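First comes the structure, then the notes that go with it.
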Number of protein chains: 2
Amino acid sequence: MKPTVHDIAKIAGVSLATVDRVLNGRPGVRSVTRGKVEDAIISLGYVRDLAAANLAKSRTYSFVFILPANDNSFMIGLTEEVRGAVARSSSERTDIRIVDVPPFDPGALVASLEAVLAEKPAGVAFVAIDAPEVRAAARRLSEAGIPTVTLVSDLPESSRDHYAGIDNIAAGRTAGSLMGRFLSGPLMDERGATVAVLAGSMLVRDHRERLEGFSTVIAHAYPNVHILPVLEGRDDPALSETMVAEALRRNADIAGIYSLGAGNRGLIRALQTAHGPRRPLVIAHELTASTRAALSNGVIDAVLNQDAGHEVRSAIRVLKAKADGLPVLAAQERIRIDIFLKDNLP
Amino acid sequence: MKPTVHDIAKIAGVSLATVDRVLNGRPGVRSVTRGKVEDAIISLGYVRDLAAANLAKSRTYSFVFILPANDNSFMIGLTEEVRGAVARSSSERTDIRIVDVPPFDPGALVASLEAVLAEKPAGVAFVAIDAPEVRAAARRLSEAGIPTVTLVSDLPESSRDHYAGIDNIAAGRTAGSLMGRFLSGPLMDERGATVAVLAGSMLVRDHRERLEGFSTVIAHAYPNVHILPVLEGRDDPALSETMVAEALRRNADIAGIYSLGAGNRGLIRALQTAHGPRRPLVIAHELTASTRAALSNGVIDAVLNQDAGHEVRSAIRVLKAKADGLPVLAAQERIRIDIFLKDNLP
DNA sequence: CAAATTTTGATTTACGTACCTCAGAATTTC
DNA sequence: GAAATTCTGAGGTACGTAAATCAAAATTTG
C-alpha cells in the first residue's frame, strides 16, 4: 500500500494537522517537530497523491498562451493546436486562454505579458521576440513565481523555465548537410554550385540561427557551394514570389534554394512558373498543405518540420509540472527536427 | 462550474443513487427513468471526473509489458525505458510489470500471453511476432476485454487495439530515397552503383517491410542502382561482421550499404577494418551508442531511428485511454521515423 | 511566576465519485 | 386485492488530501 498522510502522522507521532503544516509549508511547527515529520516522510517514501490533492483544492491550472496573430500556415496551425488543447482542457483540470498579439511587435508582446502578469495565472507560454524589453517582462513573470515557457521561438539567457521548440542552429546545419549532399554530383560541376536562401527577416532569431547553421556547414564541408545574399521576403507570399522569380532570372545557374522562413507559398509559385534549364534543389521548413503538395510532386525535395502539436502539448505538460514543482522528463520534451522526403510523408 | 452528479440528480429529478446506477450501468432503473437521467447528462454536458472516480475506486491500472530478452542495444534500451516508466508508475496510478520472453519464439510468446490473460490486467503491451498462433492469442485477450498494444513490431489484421511503432515500409522507402540521392553523382559512374543490404532475418516482419520499401524506391526512382542479395546476419555482431567483410572483399565496387536490422556493431567493425578504394555510403537503423559514434566520425552517413521512449510512453497512454474507454489522440501517438545526420544529433 | 505567545492536537468539512444498505414506493403477477 | 417483485430514494462511508476551527499544551517573555 502507498503510504498516506495518516501513516506519516502515526510514524512521526504527531497529528494530521501537523503533517499537513509541514507538507504545505504552513507556519506553526517547531523545527524539532518538523524534523520528525520529514524523517517519517523519507522513511516511508511518501509521495503526495496529486490527483487527490487537486481534488481537495478543487484546483484548476489556468494557463495563458500568447500567440502572434500571424497569417502563415504554421502559426495558424499552431493556434489550431492550442484551440484543440483548450477543447480538451476541461477534462484535464486545465483552463487555457489564448491571447493574440500583433506579430513582430516587441512592445505589444510586453504589454500582453504585463496584462497576463496582473491576473496571476498558473503558467504562461509565449512565442518570444528576442528583445531586451521582452526579456525584462519575462523576468518580472518569473519573479512573481509564474512558470513561463517560450514556444517555437526562444528567449535565451532569460528567466524562462523552458523552451518548447527546435534547435534552429541544428536545423540549419541539417539543411546545409542535405543541400551539400544532394547537390554533390548531378547538379554540380567543377566550378561548384550556387545556392539561394529565402528568409523572412534577419531580425528574427530563428531565421538568423537557421542561416548560421546552414552557412557554417556549407562553408566547412562543401566549400565549392556558394551562397547568394539572403532574400528577405518578410514571410509574405507575394513579396517572396517576386524575389525568388527575380533571383532565378538573374542567376540562371541557381542549383539550390533553402527556404528557412514561412514564405513557401510564394516560393512554390515562383518555381512553378520559372522555366530554367533545370529545376533547382529545394529544401524548405514546415510541413503545411502547400509544402506537402510540393514535396509530393517534386517541386520541393526535403522539408524540415517542427510538430506544432507536440510543441503545444509539451508546453502544457511542462507548465503543469512546473506549477506542481515536479521534475520535467527532458527526453520527452525535446522537440525534434523532422525531416520529410516524399517517401516518409505521414 | 463543471456539472457534477449532484446537478444531474437535481435536473433529472431523481436521487443520487439512481444517477449512479445509470452512470455505472448498474441494474434496477426503469428505462423511463434512465432516459430522464441520460437527457440531463447530455443537456448539462456532464463529463465524469476521472481523477475523482479513480480516487473513489482507489483504482490502479495494472499493465503488463512482454519484452523479448534480446541483447541488442535497441531492445536493451526499450527495456530500460519500460523500467523508467515502472519507476514513475506509482505516482501515475499505474502498476507496470515486465515479463521477459525468449526472442524469435512464437510459442514462448503465446505462453506468456496466456499466462498474462489469466491474471486479467488492465492492459497488455507486447513486441509481436508475426505468426497465426500469436494472432489467436491476441484475439483471446481482446475477447476477454483486455486492451492490447503491439510495440515496435506489429501484428496486422489482428485484434490488437493499437500499434506503437514506426511504419517500416515508409522507413525502408526513406532509406532508399536517401541512398539513391546520396549515391547519385560522386559514387556512381555510368554503369550505376552496387548496394548491399544487411538484415537480421527475413522471417521478421519489420525487416521484410523495410527491405520491401527500400527495394521499391530503388527500383522505381534509381534504376541503375543494383541491390546485392540480402545478407542475413541474425542481428549477431560477429556473424554480421564476417558477412560484411566477406561481401566487401568479393565486391570491391560496393558503393552503399543499408543496414536495416540490429547488426550495426559488426557492420561498423567490418567497415573500420576494410580498406577499399573508397568508403561506401552507409545508412543504418536505430541510434545507439555505436551508431552515434559512427555517425559522428563519418563511418555511417545517416541513421533512421525510432524513439523507444516515445513508443513506451505512447503505449502506456493508449492502454490507459482504452482502459477508460477514452478516445486516442492519433496525432500524438504516431511514432515518427527520425532521420539523423551528424548535424542534427541530439 | 503569571501572562503572552507559539506550537500542537483533535475534529470537521470539503472535493467528486463509487458503492453499499435499507426502507419505502411503484409496478407486476397471481 | 394480496403477494411478490422491481424500482427508487435517502443516507452513509470511503478514497487521500486540503484547509479551517478551537482548545490544550508547551514555550517564551516580562
Side-chain angles (χ1 to χ4, degrees), chain A residues 1-41 44-61 90-95 122 323-326, chain B residues 1-41 44-61 90-95 122 323-326:
Chain A
M1 272 325 271
K2 266 186 62 180
T4 73
V5 280
H6 295 86
D7 300 322
I8 300 175
K10 218 171 297 168
I11 298 288
V14 301
S15 77
L16 255 173
T18 305
V19 175
D20 182 66
R21 286 176 189 122
V22 173
L23 276 176
N24 293 295
R26 277 185 263 278
V29 184
R30 254 183 313 169
S31 57
V32 204
T33 320
R34 165 163 280 122
K36 278 196 292 184
V37 174
E38 280 164 351
D39 288 349
I41 290 174
L44 285 171
Y46 169 84
V47 277
R48 177 201 248 101
D49 184 327
L50 250 183
N54 285 341
L55 178 61
K57 279 192 281 207
S58 62
R59 155 173 212 173
T60 53
Y61 302 81
S90 67
S91 58
E92 287 161 7
R93 285 207 141 65
T94 50
D95 169 29
D324 290 330
L326 256 45
Chain B
M1 272 324 271
K2 266 186 62 178
T4 73
V5 282
H6 296 86
D7 300 320
I8 300 176
K10 218 172 295 169
I11 298 287
V14 300
S15 76
L16 255 173
T18 304
V19 175
D20 181 66
R21 286 176 190 121
V22 173
L23 276 175
N24 294 294
R26 275 186 265 277
V29 185
R30 257 184 312 169
S31 56
V32 203
T33 319
R34 163 163 283 122
K36 279 196 292 184
V37 174
E38 279 163 353
D39 288 349
I41 290 175
L44 284 171
Y46 169 83
V47 277
R48 178 199 248 103
D49 184 326
L50 251 182
N54 284 341
L55 179 60
K57 279 192 282 208
S58 60
R59 154 174 212 171
T60 52
Y61 302 81
S90 67
S91 57
E92 287 161 8
R93 286 206 141 65
T94 51
D95 169 29
D324 290 330
L326 257 46

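All chains are named by letter (A, B, ...) in the order of the sequence lines, taking the proteins before the strands, and each is independently numbered beginning at 1. No experiment lies behind these values; they were computed from the predicted model shown.
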Checklist entry - What one-letter contact string describes nucleotides 10-22 of chain D from 5' to 3', where B marks a base within less than 4.0 Å of any protein heavy atom, S marks contact via sugar-phosphate atoms alone, and - marks no contact? => result B----BBBSB---
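A distance of 10.5 Å separates CG of Leu16(A) from CZ of Arg21(A), quoted to the nearest 0.5 Å. Put simply, NZ on Lys2(B) and OG on Ser91(A) are 7.0 Å apart, with the number rounded to the nearest 0.5 Å. Remark: Ser58(A) OG to Arg93(A) CZ distance equals 8.0 Å, nearest 0.5 Å. Ile8(A) contributes atom CD1, which lies 14.0 Å from atom NZ of Lys36(A) (distance to the nearest 0.5 angstrom).
Per the geometry, CD1 belonging to Ile8(B) stands 14 Å off P belonging to dG9(D), to the nearest Å. Atoms NZ (Lys10(B)) and C1' (dG9(D)) sit 16 Å apart, rounded to a whole Å. Summarising the geometry, the separation between CZ on Arg30(B) and C1' on dT5(D) is reported as 13 Å, rounded to the nearest angstrom.
Taking the charged nitrogens against the carboxylate oxygens, Asp324(A) and Arg48(A) have no contact shorter than 4.0 Å, which rules out a salt bridge.
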